[in-house]
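Below is one structure, written out as structure tokens; comments come after it.
Counting starts at 1 for both ligands and their atoms, following the listed order.
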Amino acid sequence: MTAEALAEAGRLLAAATRPVVFTGAGMSAESGVPTFRDARTGLWQRYDPSRLATPAAFHADPALVWGWYEGRRHGVRRAEPNPGHRAVAAIQARLPGTVVITQNVDDLHERGGVPGAVRLHGSLFAPRCSACAHPAPVPDDAPPPEGPLDPPACVRCAAPVRPGVVWFGEALPEEALGAAAEAASRCDLLLTVGTSALVHPAAEIPLVAARLGAPVVQVNPEPTPLDAVCAVNLRGRAGDVLPALVRVAWPADAGD
Ligand code: BJW
Ligand code: ZN
């Protein structure tokens, strides 16, 4: 990341009144939550998404899928927000028109000081019935499962409870997708952080902003398909780049 690129991104952020911050798994990587597609540490290097992250997978082996998600939920509970999450909260505090849209299923934006992130892919903390969609309580924190674990039964209809996330082949929550598209279409800056931008329709959100003329600033150590539409590319880690960006945008706030 060059000083010029950081300065230009800082100028764009300081001039914005209704920015969108669009985040993916890289946002939480420095908190110790694994990404999906990173070459060494991504979940999909070790696990087959077709056996774990589709409705058919849950139907075929609910205990395998439920145990895997419960293991991940325990991992997230042990994780803490990183300086990148806190920098996003600082942006929202400075610019109350900021909309945070996340693909992440962890709760680290909330715990990092952003209460109302728009969730495109659901949450590890919102299980529901697989048949009637009745919300189910998050299980008591027994020790994390070592492997497969039978899901609890719905209190209303007795069908197995499922993780409250969006699997491949499932529609995104209509209200969240609508809110995200609306925010992207009226924003005056889109800051995309830590996403490979390979999963649709979420990956279209930054493209909507770019198409309507908003500058797109990307924070990512690796190239992505969004490079082509970015006004500024900040190559680096969210936990380093975002606090630096906040300092450059509002130098007078340093030390607050
Ligand atoms: C750092 C960093 C650091 C690392 N700092 N950065 C159009 C074209 C092609 C395919 C499709 C299409 N439209 C739909 C599809 C099919 C499919 C899809 O997109 N497939 C592609 C993968 C090919 N999409 C769907 O199935 C979606 N549903 C759908 O379209 O429904 C249609 C429908 C309509 C009506 C009725 C019925 C159906 C649903 C997609 C759901 C995705 N779900 C997952 C799993 C969630 C649950 C779980 O957690 O297990 O969501 S998949 C996974 O990918 C997860 C993520 O949210 C999502 C995005 O990943 P993300 O966040 O970008 O992570 P990575 O790992 O890919 O990237 C990390 C990035 O961070 C990298 O770039 C690193 O460099 C970077 N990084 N360290 C900053 N420190
Ligand atoms: Zn039910």
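- Defined by atom type and a distance below 3.5 Å, a donor-acceptor pair is present between the side-chain atoms of D188 and T17.
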Next on the checklist: Please determine whether side-chain contact (heavy atoms from CB on, under 4.5 Å) holds for the pair L191 and L245, giving the CA-CA distance in whole Å, both sets of side-chain angles, and the decisive distance to 0.1 Å.
Outcome noted: CA-CA 11 Å; L191 179 60; L245 180 60; 4.1 Å; yes
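- Any protein N/O/S atom under 2.8 Å from the Zn ion (ligand 2) was counted, giving 4 altogether.
- The residues D227 and R235 are annotated as salt-bridged, a charged nitrogen and a carboxylate oxygen being separated by less than 4.0 angstrom.
- No more than 12 heavy-atom neighbours from other residues, nucleotides or ligands sit within 6.0 angstrom of NE2 on H59.
- Y69 and W167 have tilted rings, their planes meeting at an angle from 30° to 60° on a 0 to 90° scale.
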Go ahead and list the nitrogen or oxygen contacts between ligand 1 and the protein that come in under 3.5 Å, distances to 0.1 Å, or just say none.
from, atom 1, to, atom 2, distance (Å)
ligand 1, 5 (N), G26, O, 3.3
ligand 1, 5 (N), A238, N, 2.9
ligand 1, 19 (O), H200, N, 2.8
ligand 1, 19 (O), H200, O, 3.4
ligand 1, 24 (N), H200, O, 2.9
ligand 1, 26 (O), G169, N, 2.7
ligand 1, 28 (N), E170, O, 2.7
ligand 1, 31 (O), E170, O, 3.0
ligand 1, 43 (N), V166, O, 2.9
ligand 1, 49 (O), R72, NH1, 3.3
ligand 1, 49 (O), R72, NH2, 2.7
ligand 1, 50 (O), Y69, OH, 2.6
ligand 1, 50 (O), R72, NH1, 2.7
ligand 1, 51 (O), H121, ND1, 3.2
ligand 1, 54 (O), R37, NH1, 3.1
ligand 1, 54 (O), R37, NH2, 3.3
ligand 1, 57 (O), Q103, O, 3.0
ligand 1, 57 (O), H121, ND1, 2.7
ligand 1, 60 (O), R37, NH1, 3.1
ligand 1, 62 (O), A25, N, 2.8
ligand 1, 63 (O), T195, OG1, 2.7
ligand 1, 63 (O), S196, N, 3.0
ligand 1, 63 (O), S196, OG, 3.3
ligand 1, 66 (O), F36, N, 2.8
ligand 1, 66 (O), R37, N, 2.7
ligand 1, 67 (O), R37, NH1, 2.7
ligand 1, 67 (O), S196, OG, 2.6
ligand 1, 68 (O), S196, N, 3.3
ligand 1, 71 (O), G194, O, 3.2
ligand 1, 73 (O), N220, ND2, 2.9
ligand 1, 75 (O), N220, OD1, 2.8
ligand 1, 80 (N), E30, OE2, 2.8

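- Between the side chains of Q218 and T224, at least one donor N or O lies within less than 3.5 Å of an accepting N or O.
- With a 6.0 Å cutoff to the six-membered ring centre and a 45° limit on the axis angle, R72 counts as a cation-pi contact of W68.
- Across P201 and L172, no two heavy atoms sit closer than the pair CD-CD1, 3.7 Å.
- Side-chain heavy atoms closer than 4.5 Å link hydrophobic residues (I, L, V, M, F, W, Y) into clusters, and following such links, possibly through other members, connects W250 to V248.
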